[in-house]
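Sequence lines set the chain letters: A, B, ... in the order given, protein chains first and strands last, and positions in each chain run from 1.
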Number of protein chains: 2
Amino acid sequence: MPAEPLSRPRIVAAAIDLIEREGADAVSMRRIAADLGVGVMSLYNHVPNKSALLDGVAETVLSQIEFSDDPDADWTDRVRMQALAFRQIAHHYPRCTMVVVSRQLQSTAGLLPVERALATLRSAGFGGHEAVRILRVFIAYIVGSLLREVGVTPTFAPVHRSDLAVENVDPLLFPQVSGLAPMLVDCDHESEFEFGLGLLIQAIAVQLKR
Amino acid sequence: MPAEPLSRPRIVAAAIDLIEREGADAVSMRRIAADLGVGVMSLYNHVPNKSALLDGVAETVLSQIEFSDDPDADWTDRVRMQALAFRQIAHHYPRCTMVVVSRQLQSTAGLLPVERALATLRSAGFGGHEAVRILRVFIAYIVGSLLREVGVTPTFAPVHRSDLAVENVDPLLFPQVSGLAPMLVDCDHESEFEFGLGLLIQAIAVQLKR
DNA sequence: ACCTGAACACCGTTCAAGT
DNA sequence: ACCTGAACACCGTTCAAGT
């Protein structure tokens with residue numbers, strides 16, 4: 001006897017909670033049902049299958065991005081703010097991040113950030129074709145950065161400082177890696193992200209002036 | 001009675017084959033054992049568990065990258081060639097790509113490309129700290145690009161030209177997206193990849209001159 | 001309309017038994 | 001040393017039965 005009736009949003013919320021608590025691998029229909037105190041099959045009255053549930057997770061997380069756009073700001077700042085807003089996902093829902101970027105959404109939740117980015121680029125003076133290309137570059141960079149931040153992509157800094165793979169490497173075979181081990185090991189994700197973002201924005205600003 | 005004896009390489013090869021034929025979701029210990037004509041538990045004599053098997057897949061694919069480095073070439077060309085070599089994974093093993101980029105390897109297979117990239121950047125004149133930062137930017141961009149190419153990350157061009165999400169979007173809510181639908185839909189992955197790569201290389205070249 | 005248990009066809013992995 | 005079947009504790013989903 002749940003206090004509130006079962007519903008798609010409630011099920012999605014339970015999934016998000018579970019992912020943040022125990023990781024995406026812990027998600028199962030049975031487990032979520034148990035968390036909600038209902039039978040497994042009750043879920044199927046509100047969600048067609050597990051895949052759709054994960055789509056719901058991605059949509060819900062995406063729709064919570066807070067874009068605070070200032071139309072009067074320089075376009076480079078607006079692009080930067082949009083990228084940073086997107087990166088907030090990795091802070092608010094670190095363990096959902098992989099789910100968000102790996103789902104092929106066709107809902108409006110995924111289209112809104114795209115619409116916004118394209119509008120900003122076009123207002124900066126880029127043509128449609130250019131804007132699309134540039135957006136793709138930014139998306140690739142952002143997705144790749146979030147995955148590293150969230151520990152999916154190799155960081156070369158697995159767990160802790162001591163007994164590290166990177167630090168136990170043969171200096172003769174890998175002189176650079178072993179020499180730069182301390183730098184490879186610690187990574188300020190925010191400043192790394194902004195560094196690459198700055199490079200990209202600078203590069204497309206040059207592109208615009210030509 | 002298999003012709004050849006069971007071995008870790010043979011098991012990994014079977015896994016790679018299966019992934020390329022039916023996708024990463026199709027991988028199960030039972031299925032691979034069946035493909036090899038042995039009992040499930042026989043696999044565990046050569047591989048400790050499924051996770052280690054997937055690590056083996058990633059290592060094997062990574063170790064097949066062909067880096068053809070010309071030490072006399074301009075550093076910008078060398079960086080470009082290394083990035084393009086990495087991208088070949090997505091061509092040779094499209095469905096393994098997700099597995100490759102999402103495994104946290106500590107074997108030398110993953111370290112070799114890193115060593116090579118750092119050496120190139122340092123020979124170009126970048127300091128250790130800069131080289132590491134720049135490498136991280138490139139890795140993020142490459143990983144993000146490969147995931148799009150392989151269909152993991154949203155392309156905004158799901159399946160086919162007709163009946164597309166992007167093309168059935170409300171033009172009033174999403175004027176840019178619906179106006180640029182044809183460009184969002186078709187994507188020449190190679191030229192897109194090289195476009196962003198060029199932007200990044202140009203940006204870090206500027207960085208170097210300062 | 002919503003909930004549910006039983007059942008089906010799967011998983012990864014442990015363990016004890018074989019050779 | 002290597003192989004294996006039975007068993008355990010899981011999966012997602014279908015179906016028929018309940019309210």
Provide, to the nearest angstrom, the distance between the NZ atom belonging to A:Lys50 and the P atom belonging to C:dC11. 14 Å

Least distance between heavy atoms, A:Arg103 atom then A:Val99 atom: CG-O, 2.9 Å

Between A:Gln82 and A:Thr120: side-chain donor-acceptor atoms closer than 3.5 Å: yes

Determine yes or no for a side-chain-to-main-chain donor-acceptor pair under 3.5 angstrom, with A:Thr60 supplying the side chain and A:Gly56 the backbone. yes

Ignoring hydrogens and angles, state whether a donor on the side chain of A:Arg136 or B:Ser145 is under 3.5 Å from an acceptor on the partner side chain. no

How would you list, by chain and number, every residue that makes a salt bridge (Lys or Arg N to Asp or Glu O under 4.0 Å) with B:Asp77, sequence neighbours excluded? B:Arg80

Keeping B:Thr108 on the side-chain end and B:Leu111 on the backbone end, is there a donor-acceptor pair under 3.5 Å? no

Please verify the inter-ring angle class for B:Trp75 with B:Phe126; under 30° counts as parallel, over 60° as perpendicular, anything in between as tilted. perpendicular

Between P on D:dC2 and CZ on B:Arg10, what's the gap in Å once rounded to a whole number? 14 Å

Filtered N/O pairs between nucleotides 4-7 of chain D and protein, under 3.5 Å:
from  : atom 1 : to      : atom 2 : distance (Å)
D:dT4 : OP2    : B:Gly39 : N      : 3.0
D:dT4 : OP2    : B:Ser42 : OG     : 2.4

Does D:dC3 have its OP1 or OP2 closer than 4.0 Å to a side-chain nitrogen or oxygen of B:His46? yes

Take N1-N3 plus N6-O4 or O6-N4 for Watson-Crick, N1-O2 plus O6-N3 for G-U, both under 3.5 Å. Which runs of 3 or more such pairs involve DNA chain D? C:4-8 with D:12-16, C:12-16 with D:4-8

Could you tell me the separation between the CD1 atom of A:Ile32 and the C1' atom of D:dG12, rounded to a whole number of Å? 12 Å

CE of A:Met29 versus P of D:dC10: gap in Å, rounded? 18 Å

To the nearest Å, how far apart are A:Leu36 CG and C:dC3 C1'? 14 Å

Please report the C-alpha distance between A:Glu59 and A:Arg8 in whole Å, then the side-chain angles of each, then the deciding distance to 0.1 Å, and finally whether the salt bridge (charged side-chain N to carboxylate O under 4.0 Å, His left out) criterion is met. CA-CA 12 Å; A:Glu59 279 168 35; A:Arg8 192 186 127 105; 3.5 Å; yes

